[in-house]
2 protein chains.
Amino acid sequence: MIARDGARRPEKRRAITEAATRVFGREGFARASMDAIAAEAAVSKRTVYNHFADKETLFLTVALQSAAELTLRLERLAAAHLDETDEGGSVREALAAFAVERARALLRSGEHGAVARAIRAEVVNIPGDVLDAWLDAGPDAERRALAARFAVWARRGLIAADDPELAAERFTLLTYQGVAERSFRGALAVPGEEVERIVADGTDAFWRLHGAGAAVVAAL
Amino acid sequence: MIARDGARRPEKRRAITEAATRVFGREGFARASMDAIAAEAAVSKRTVYNHFADKETLFLTVALQSAAELTLRLERLAAAHLDETDEGGSVREALAAFAVERARALLRSGEHGAVARAIRAEVVNIPGDVLDAWLDAGPDAERRALAARFAVWARRGLIAADDPELAAERFTLLTYQGVAERSFRGALAVPGEEVERIVADGTDAFWRLHGAGAAVVAAL
DNA sequence: GTCTATACAGGGATAGAC
DNA sequence: GTCTATCCCTGTATAGAC
């Protein structure tokens with residue numbers, strides 16, 4: 001028997017959101033059909049509508065989950081590259097390696113990246129509070145995590161960053177946005193050498209601005 | 001059948017492309033309907049199909065026109081700000097003013113900006129050669145124009161840019177992409193003070209990297 | 001011969017009825 | 001879980017008007 005509102009079968013719900021992630025990612029919001037999502041979830045369309053009021057609600061739910069998933073992946077990357085850096089000399093190399101891996105992650109972000117692109121495409125039709133929630137779970141969370149690490153490094157004199165938030169923003173601009181732009185946010189492939197070149201140029205620029213000792217040079 | 005340019009009434013064709021620019025900009029490709037475009041152009045739907053074989057052809061035509069129009073606007077901005085700069089001291093201020101105006105132009109790009117967003121949203125469904133043509137008429141043309149000015153300045157010692165193309169790319173990353181990101185490529189409003197702050201920070205960073213004398217500092 | 005106006009075939013879509 | 005009412009869209013077809 002079917003329970004009332006909140007208590008539906010969680011495994012069905014998960015099957016639906018996972019299927020919806022794939023379908024929305026492949027087709028975008030407008031082209032995706034609820035039929036296709038139900039079929040991909042191996043669930044009847046009625047079940048989809050039992051769990052989610054309409055297509056829009058399902059999409060926004062999936063988008064929030066996807067943002068959180070991407071943030072988690074990037075956080076793991078950041079932890080692996082940036083959290084064991086105690087000696088000054090290795091900071092630059094750690095940042096360079098992290099930047100390359102982050103750019104590559106965008107190009108391999110698959111269905112989650114595709115959902116993020118769909119959000120951006122539909123941004124004018126998304127309620128403000130939902131968009132804020134998406135930003136908070138995704139891009140803003142990533143920036144905060146990077147800024148927190150920069151703040152620690154700055155206190156230890158490993159980088160020059162009076163404003164860690166600004167430094168994190170610059171790092172992303174210089175080492176990530178170029179690849180994002182070139183690949184249309186991960187939609188199109190970019191040759192590996194080109195990714196490496198763009199990211200290496202960006203890392204060089206970042207280090208000239210914020211590397212240990214940059215403050216001294218800037219004061220000249 | 002196939003729309004051949006010259007034979008039909010050019011004023012109708014213009015009315016159709018202008019209407020299509022507005023409708024595709026408002027609705028995106030998928031949501032826009034040929035009926036709405038015909039109505040907005042005050043033209044019968046049959047006439048639309050007489051001029052353009054199908055919806056996709058109309059969209060791609062409009063996208064190329066829009067890219068060219070945006071490039072023209074930005075080129076005028078660049079010429080106004082950057083082409084009368086002979087004294088060394090004014091280069092930095094000219095760049096700063098241009099950067100702010102360019103960022104503001106994105107936020108006021110209206111229907112042309114909206115079409116550019118639609119292209120980005122549909123990028124996986126666009127034929128490679130058409131996408132190349134769009135890039136060449138739009139973003140790439142802007143980068144080339146900026147790089148050409150940087151090359152002249154570099155020869156005169158007004159900026160430090162061994163590779164003018166790279167410098168142009170960096171200038172755009174530092175002074176433009178931040179606002180593009182924040183506003184979802186012009187879709188959402190951004191407070192004026194925030195635009196000015198983002199652009200000023202970016203201009204500072206660019207000047208530290210590429211201002212006259214930066215090469216000397218980098219050699220330290 | 002290009003345009004307007006309208007109608008319509010064919011395919012999908014959403015969302016709800018059974 | 002299936003079935004279906006209803007709507008909308010693309011693209012074509014059929015009228016007549018300038």
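Note that these values count all heavy atoms, side chains included, but never hydrogens, waters or copies made by symmetry. Just so it is clear: chains get the letters A, B, ... in the order the sequence lines come, proteins before strands, and each one is counted from 1.
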Participant: What pairs with Ile119(B) under side-chain contact (heavy atoms from CB on, under 4.5 Å), at least two apart in sequence or on another chain?
Facilitator: Phe59(B), Ala63(B), Ile126(B), Trp134(B)

Participant: Apply side-chain contact (heavy atoms from CB on, under 4.5 Å) to Arg149(A) and list each qualifying residue two or more places apart in sequence or on a separate chain.
Facilitator: Glu75(A), Ala78(A), Ala79(A), Leu82(A), Asp83(A), Ala145(A)

Participant: If you take any heavy atom closer than 4.0 Å to DNA chain D, which residues from residues 17-41 of chain B end up in contact?
Facilitator: Ala32(B), Ser33(B), Met34(B), Asp35(B)

Participant: Do Thr21(B) and His112(B) touch side chain to side chain, with heavy atoms closer than 4.5 Å?
Facilitator: yes

Participant: Sequence neighbours left out, what passes ring pair (Phe, Tyr, Trp, His ring centres under 6.0 Å) with Phe171(A)? Give chain and number order.
Facilitator: Phe150(A), Phe206(A)

Participant: May I have the distance from Glu56(B) (atom CD) to dT10(D) (atom P), rounded to whole angstrom?
Facilitator: 13 Å

Participant: For nucleotides 3-9 of chain C, read 5' to 3', which letter fits each nucleotide if B means a protein heavy atom sits under 4.0 Å from the base, S means only the sugar-phosphate is that close, and - means neither?
Facilitator: SBB----

Participant: Take the protein atom OH of Tyr49(B) and the nucleotide atom P of dT14(D), then report the distance between them rounded to whole Å.
Facilitator: 18 Å

Participant: Begin from the C-alpha positions of Arg104(A) and Glu196(A) and carry the test salt bridge (charged side-chain N to carboxylate O under 4.0 Å, His left out) through to its verdict.
Facilitator: CA-CA 9 Å; Arg104(A) 284 193 185 131; Glu196(A) 284 158 26; 2.9 Å; yes

Participant: Minimum heavy-atom separation for Ala141(A) and Ala137(A), please, with both atom names.
Facilitator: CB-O, 3.9 Å

Participant: Can you name the nearest heavy-atom pair linking Ala32(B) to Lys55(B), along with the distance?
Facilitator: O-NZ, 2.8 Å

Participant: If we count only N and O atoms by modelled type, under 3.5 Å, do the side chains of Thr47(A) and Asn50(A) hold a donor and an acceptor together?
Facilitator: no

Participant: Mind calculating the distance between CZ (Phe52(B)) and C1' (dT12(D)) to the nearest angstrom?
Facilitator: 19 Å

Participant: Toss me the dot-bracket line for DNA chain D: Watson-Crick and G-U wobble, both under 3.5 Å, 5' to 3', using | for pairs to another strand and [ ] for crossers.
Facilitator: ||||||||||||||||.|

Participant: Thinking salt bridges, do Arg185(A) and Glu181(B) make one under a 4.0 Å N-O criterion?
Facilitator: yes

Participant: Are any non-hydrogen side-chain atoms of Glu142(A) and Leu146(A) less than 4.5 angstrom apart?
Facilitator: no

